[in-house]
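Down below is the structure, laid out as structure tokens.
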Number of protein chains: 2
Amino acid sequence: MSDHRNGLRRSSINLSDAIIPGLCAGCEARHIGLCDALADEDLHFLASVAKSHTVPKGRMFVAEGDKARHFFNINRGTAKLFKDLPDGRRQITGFVGAGDFVGLAAADHYAFTAEAINEVRLCRFDRTELRSVFTTFPALERRLLDVASHELILAQEQMLLLGRKSAIERLASFLLGWSDRAEICPNGAQALALPMTRADLGDYLGLTFETVSRALSALKRQNIVEVGKDHGVRILDRDRLSAFATSRS
Amino acid sequence: MSDHRNGLRRSSINLSDAIIPGLCAGCEARHIGLCDALADEDLHFLASVAKSHTVPKGRMFVAEGDKARHFFNINRGTAKLFKDLPDGRRQITGFVGAGDFVGLAAADHYAFTAEAINEVRLCRFDRTELRSVFTTFPALERRLLDVASHELILAQEQMLLLGRKSAIERLASFLLGWSDRAEICPNGAQALALPMTRADLGDYLGLTFETVSRALSALKRQNIVEVGKDHGVRILDRDRLSAFATSRS
DNA sequence: TGTCCTCGTTGATTTCGATCAAGGCGATGG
DNA sequence: CCATCGCCTTGATCGAAATCAACGAGGACA
């Protein structure tokens with residue numbers, strides 16, 4: 001899970017910072033922003049085509065099938081991206097947080113729905129305007145291609161998880177990945193926050209919420225993780241958790 | 001499954017054709033080539049950084065973890081892309097054929113392995129050289145971003161399949177998707193060729209080969225598909241197959 | 001020709017996770 | 001305060017797919 005960042009230069013200037021100064025200050029290296037591709041003085045070009053928005057908890061801000069008019073860059077909060085089947089079954093394809101770019105998985109129309117898990121602040125870019133910015137700053141497009149490549153790698157990792165891993169392996173893999181993301185934006189030795197519900201976790205891992213709960217209990221029982229009152233998780237034994245993430249039983 | 005092509009202009013000139021004239025002639029509109037982004041007279045720039053190769057059946061031509069030096073464009077034949085777990089479990093993330101571009105899911109190192117299912121002819125591009133071609137022809141990079149977006153859409157569709165669909169739904173979804181690809185390169189009312197084994201299909205659909213075989217038998221029993229002696233499949237009732245692809249039981 | 005090997009099909013049994021069910025805890029609100 | 005609701009946990013049972021097993025068809029090759 002750490003090699004996937006190697007190919008992407010870490011940003012010293014985050015796009016989000018440029019547009020909403022002060023936000024995400026502790027997170028400037030978070031994941032891969034759309035950052036760093038522009039010189040400081042060019043960032044205002046991007047800012048000019050961005051509109052800042054706040055999405056309340058539970059509100060959907062992208063609907064599958066809608067005409068794809070915008071890209072989004074998350075500044076704060078967490079959202080879930082998912083696809084539904086007509087009978088209500090749901091697959092969450094990813095959780096996105098500060099620094100994450102949303103909207104690549106779209107042709108004419110969005111191929112997914114996005115919903116805020118808690119209050120989300122984001123920047124909205126018009127697709128056509130962003131395209132013209134690309135023409136002026138090709139480095140931005142290069143960066144976007146890197147972001148897309150990175151998402152493809154993650155998607156294939158998730159296919160491996162969904163197609164071939166057991167319930168405990170899925171949960172262990174998720175916790176490791178989630179803690180990797182979180183530690184880029186370090187909150188010290190704090191417990192890892194899990195803003196999503198067990199049901200969301202199930203929809204992400206291809207399990208039911210009961211199975212997620214049981215798998216987490218199993219990890220607690222073995223003193224591999226600790227779950228706080230606030231639902232935060234602390235990883236006690238990263239090595240044994242890693243062992244669970246790939247090996248059978 | 002048909003809307004995913006809407007956002008991508010169909011190519012009138014296929015890159016593969018330009019480099020190896022005559023190949024893929026019947027497939028020029030196949031999937032999305034890297035095509036059409038360049039004017040006819042500019043294609044030789046691309047050709048100059050490409051090397052044609054033949055990969056025998058069963059031979060691996062990309063190994064997960066290897067330094068990512070090349071991109072590939074398939075001209076002929078079919079290959080499987082996959083990831084393995086240490087204990088041998090395998091997830092095939094995609095089958096690629098004529099016109100398909102391979103190598104996006106890589107940062108510094110490939111995140112997947114690629115192996116020829118039958119004899120494969122392909123063009124190999126040096127990554128760094130291709131990058132410099134981008135600088136001269138930004139339209140190529142734009143096209144590559146479109147290809148990546150399209151692959152992301154497919155990957156999320158596959159996550160839904162792996163996480164939430166039943167065995168029959170998975171097989172039905174695969175057959176529909178596979179026939180969509182094939183009909184772009186029309187072989188008339190012929191049966192649909194399935195060059196991969198049942199085991200490959202299982203590794204793609206997150207099932208065992210026995211379950212794939214049983215699901216296919218179930219579709220045969222209901223006269224929804226017909227399986228020829230050569231393992232080719234003919235879809236007899238596309239509507240009922242579509243119904244299976246999304247609905248429970 | 002016969003043997004070996006890969007691939008596919010089908011049947012019997014097992015197992016992991018889904019489903020069904022009950023109850024706990026904390027937040028919200030009358 | 002208690003009632004309700006959302007979220008989580010745990011237990012009991014069920015079921016879909018995995019596993020184990022046997023066999024058949026076709027191709028490669030001595």
Side-chain angles (χ1 to χ4, degrees), chain A residues 57-58 80 85 87-91 115 117-118 161-174 193-222 225-233 244 247-249, chain B residues 56-58 80 85 87-91 115 117-118 161-174 191 193-222 225-233 244 247-249:
Chain A
K57 170 176 178 170
K80 55 187 175 189
L85 285 172
D87 65 355
R89 282 174 286 170
R90 170 169 295 181
Q91 182 63 40
E115 187 181 308
I117 286 177
N118 41 33
L161 180 150
L162 292 169
R164 292 308 185 196
K165 290 187 182 178
S166 70
I168 288 221
E169 290 171 334
R170 294 182 199 201
L171 184 63
S173 303
F174 165 76
L194 294 184
M196 69 293 288
T197 66
R198 297 285 185 268
D200 285 339
L201 235 27
D203 286 339
Y204 182 59
L205 299 175
L207 302 169
T208 59
F209 64 88
E210 293 100 324
T211 300
V212 171
S213 184
R214 276 185 252 268
L216 193 56
S217 296
L219 292 177
K220 279 190 286 189
R221 223 174 300 121
Q222 302 188 245
V225 303
E226 195 177 60
V227 180
K229 191 76 178 272
D230 59 343
H231 287 171
V233 169
F244 266 118
S247 311
R248 176 70 78 187
S249 176
Chain B
K57 170 177 176 170
K80 56 187 175 189
L85 285 172
D87 65 356
R89 282 174 286 170
R90 170 169 296 180
Q91 182 63 40
E115 188 181 307
I117 286 176
N118 41 33
L161 180 149
L162 292 169
R164 291 309 186 195
K165 290 186 182 177
S166 71
I168 287 221
E169 290 171 332
R170 293 181 200 201
L171 183 63
S173 303
F174 165 76
L194 293 185
M196 68 293 286
T197 66
R198 297 285 185 269
D200 286 339
L201 236 27
D203 286 339
Y204 181 59
L205 299 174
L207 302 169
T208 60
F209 64 88
E210 293 100 324
T211 301
V212 172
S213 184
R214 275 185 253 268
L216 193 56
S217 295
L219 292 177
K220 279 190 285 189
R221 221 174 299 121
Q222 302 187 244
V225 303
E226 195 177 62
V227 179
K229 192 75 177 276
D230 58 344
H231 287 170
V233 168
F244 266 118
S247 311
R248 174 71 77 188
S249 175

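Everything quoted here is computed from the prediction, not taken from an experiment. Every chain is numbered from 1 and lettered A, B, ... according to where its sequence line falls, protein lines coming before strand lines.
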Is the backbone of A:Ser213 close enough, under 3.5 Å, to the side chain of A:Arg198 for a donor and an acceptor to pair up by distance?
no
Using salt bridge (Lys or Arg N to Asp or Glu O under 4.0 Å) as the criterion, list what pairs up with A:Arg214, not counting sequence neighbours.
none
Please report, rounded to the nearest Å, how far the [atom2] atom of [N] is from the [atom1] atom of [X].
X	N	atom1	atom2	result
B:Leu201	D:dA17	CG	P	15 Å
B:Leu219	C:dG8	CG	C1'	16 Å
B:Arg164	D:dA17	CZ	P	14 Å
A:Leu194	D:dT9	CG	C1'	16 Å
A:Arg90	C:dA18	CZ	P	17 Å
A:Arg89	D:dA16	CZ	P	13 Å

Atom NZ of A:Lys57: over 12 foreign heavy atoms under 6.0 Å
no
Please examine the side chains of [Y] and [X], heavy atoms only from C-beta on, and report whether any two atoms are closer than 4.5 Å.
X	Y	result
A:Leu219	A:Phe244	yes
A:Gln91	A:Leu85	no
A:Leu194	A:His231	no

Have A:Glu169 and A:Ser166 got a donor and an acceptor in their side chains that come within less than 3.5 Å?
yes
Starting at the 5' end of nucleotides 9-17 of chain C, put B wherever the base has a protein heavy atom under 4.0 Å, S where only the sugar-phosphate does, and a dash everywhere else.
BBBB----S
Got a list of protein N/O to nucleotides 24-28 of chain D N/O distances below 3.5 Å?
| unit_1 | atom_1 | unit_2 | atom_2 | d |
| --- | --- | --- | --- | --- |
| D:dG26 | OP1 | B:Lys229 | NZ | 2.9 |

Rounded to the nearest 0.5 Å, what's the gap from NZ on B:Lys80 to OH on B:Tyr204? Could you check?
14.0 Å
